Amino acid sequence: MKTVICPGSFDPVTNGHLDIIQRASGLFDRVIVLLAANQEKKNYFTPEERREMICKVTRDLPNVEVDVFSGLLVDYVREQGACAIIKGLRAVSDFEYEFQMALTNHKLYPHCETIFFTPSPRNMYLSSSIVRQVGGLGGDISGFVPACILDEIREKLRKK
């Protein structure tokens with residue numbers, strides 16, 4: 001069974017994230033969407049809120065699981081027996097950082113491959129920070145996030 005890890009902060013999960021997760025679920029037997037802790041990011045949504053949102057948007061994907069982890073990603077990959085890490089790349093600027101991380105992960109755990117997915121053209125510009133900025137200022141984010149979590153994202157951003 002081929003297992004892959006799709007890590008991220010998902011703060012909040014966007015249509016771009018969901019696109020990558022759906023495509024990975026069509027290619028691999030088991031996809032673990034991993035809420036990975038990133039000390040450099042200040043999150044708007046709690047880990048529990050983010051986990052719940054990802055569970056909602058992936059409930060129709062039977063081979064997708066959601067988990068939370070705060071250690072080294074490669075340790076989690078090893079523990080799960082995963083064959084790869086799936087990362088989305090929106091732009092060349094994403095590539096520099098993600099390529100460096102992929103090389104680091106491979107150095108720490110040589111059995112760890114990283115597979116880069118480019119987003120669908122309709123999601124190339126999309127990021128969680130854009131959702132937070134636009135939504136926080138009262139803009140329409142309905143085209144940015146899955147409909148089943150739109151209201152809870154709007155509500156949370158309104159309170160911030």
Side-chain angles (χ1 to χ4, degrees), residues 1-41 43-131 143-150 152-153:
M1 179 189 313
K2 297 283 185 188
T3 298
V4 294
I5 310 298
C6 189
S9 55
F10 306 101
D11 189 39
V13 63
T14 69
N15 287 334
H17 293 129
L18 184 56
D19 174 48
I20 299 295
I21 294 164
Q22 288 170 330
R23 289 166 49 207
S25 75
L27 295 171
F28 298 96
D29 300 314
R30 181 176 173 229
V31 176
I32 301 173
V33 179
L34 185 66
L35 287 163
N38 183 340
Q39 294 99 355
E40 296 176 17
K41 289 187 177 183
N43 294 309
Y44 277 60
F45 296 85
T46 68
E48 296 78 24
E49 289 169 326
R50 289 180 281 143
R51 186 180 199 288
E52 185 178 311
M53 284 190 283
I54 296 168
C55 286
K56 281 182 188 176
V57 303
T58 61
R59 69 176 169 248
D60 295 331
L61 301 171
N63 62 332
V64 173
E65 303 169 24
V66 182
D67 202 0
V68 180
F69 187 71
S70 61
L72 279 175
L73 178 57
V74 292
D75 290 340
Y76 187 85
V77 169
R78 185 183 298 114
E79 288 171 17
Q80 294 298 319
C83 65
I85 297 167
I86 303 290
K87 296 296 290 190
L89 293 178
R90 292 175 305 230
V92 173
S93 57
D94 287 346
F95 179 76
E96 273 186 66
Y97 173 77
E98 295 298 348
F99 185 65
Q100 186 177 24
M101 290 307 302
L103 292 173
T104 301
N105 288 334
H106 191 72
K107 178 72 173 172
L108 293 172
Y109 182 49
H111 301 291
C112 180
E113 297 295 338
T114 300
I115 301 171
F116 297 113
F117 280 29
T118 55
S120 300
R122 69 183 179 277
N123 295 317
M124 288 199 102
Y125 66 93
L126 196 50
S127 69
S128 294
S129 56
I130 286 175
V131 170
F144 300 167
V145 299
C148 64
I149 59 171
L150 176 61
E152 65 188 278
I153 292 172

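Numbering starts at 1 and runs along the sequence shown. Small disclaimer: the values here were computed from a predicted structure and weren't measured.
Inter-residue side-chain proximity for Phe45 and Met53 is flagged as met; some heavy-atom pair is nearer than 4.5 Å. Contact annotation: the side chain of Val64 approaches that of Val33 to within less than 4.5 Å [non-hydrogen atoms, C-beta and beyond]. Annotation: side chain of His111 is not in contact with side chain of Cys83 (no heavy-atom distance under 4.5 Å).
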Quiz item: Does the side-chain contact (heavy atoms from CB on, under 4.5 Å) test come out yes or no for Ile32 and Tyr76, once each step is laid out?
Solution: CA-CA 10 Å; Ile32 301 173; Tyr76 187 85; 3.4 Å; yes
Exercise. Could you give me the CA-CA distance, side-chain angles and deciding distance for Lys87 and Thr114, then say whether side-chain contact (heavy atoms from CB on, under 4.5 Å) is met?
Key: CA-CA 7 Å; Lys87 296 296 290 190; Thr114 300; 4.0 Å; yes
Exercise. Kindly determine whether Val4 and Asp29 satisfy side-chain contact (heavy atoms from CB on, under 4.5 Å), including the steps that lead there.
Key: CA-CA 8 Å; Val4 294; Asp29 300 314; over 6 Å; no
Quiz item: Ile21 and Thr58: side-chain contact (heavy atoms from CB on, under 4.5 Å), yes or no, with the steps?
Solution: CA-CA 8 Å; Ile21 294 164; Thr58 61; 4.0 Å; yes
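The heavy-atom pair separating Cys112 from Val74 by the smallest distance is SG-CG1, 4.2 Å. Minimum interatomic distance between Ala82 and Ile5 (heavy atoms only, all atoms of both residues): CB-CG1, 3.7 Å. The two residues Phe28 and Val31 come nearest to each other via the heavy atoms CB-CG2, 4.5 Å. Nearest heavy-atom pair, Phe95 versus Leu89, reported as atom, atom and distance to 0.1 Å: CD1-CD1, 3.7 Å. Pairing each heavy atom of Arg23 with each of Phe117, the nearest pair is CB-CE2, 3.8 Å. Closest approach of Ile153 to Pro12, counting heavy atoms only: CD1-CB, 3.7 Å.
Arg78 forms a cation-pi arrangement with Tyr109, by the criterion of a distance under 6.0 Å to the ring centre and an angle within 45° of the ring axis.
For the pair Asn123 (side chain) and Pro119 (backbone), a donor-acceptor distance under 3.5 Å is absent. Between the Asp11 side chain and the Tyr44 main chain, a donor and an acceptor come within less than 3.5 Å of each other. At distances below 3.5 Å, at least one donor-acceptor pair connects side-chain atoms of Asn63 with backbone N or O atoms of Ser25. Checked by atom type and distance alone, the side chain of Arg51 pairs as donor or acceptor with a backbone atom of Val66 at under 3.5 Å. Formation of a donor-acceptor pair under 3.5 Å by the Ser120 side chain with backbone atoms of Arg122 is not found in this model. In this structure a side-chain-to-backbone donor-acceptor pair under 3.5 Å is present from Arg90 to Leu126.
Distance CG/Leu73 to CG/Leu108: 10.0 Å, rounded to 0.5 Å. For the atom pair Glu98 CD and Leu103 CG, the distance stands at 11.5 Å (nearest 0.5 Å). Expressed to the nearest 0.5 Å, how far CD1 of Ile54 lies from NE2 of His17 amounts to 8.0 Å. Atom CD of Glu49 sits about 11.5 Å away from atom CD1 of Ile149, to the nearest 0.5 Å. Rounding to the nearest 0.5 angstrom, the gap separating the OG atom in Ser9 from the CG atom in Leu34 is 11.0 Å. Atom-to-atom distance recorded for Ser128:OG and Phe144:CZ is 12.0 Å, nearest 0.5 angstrom.
By the 6.0 Å contact criterion, CD on Glu96 is open, its count of non-hydrogen atoms from other residues, nucleotides or ligands being 12 or less. Around the OH atom of Tyr125, the shell of radius 6.0 Å holds more than 12 heavy atoms that belong to other residues, nucleotides or ligands. Other residues, nucleotides and ligands contribute more than 12 heavy atoms inside 6.0 Å of the NZ atom of Lys56.
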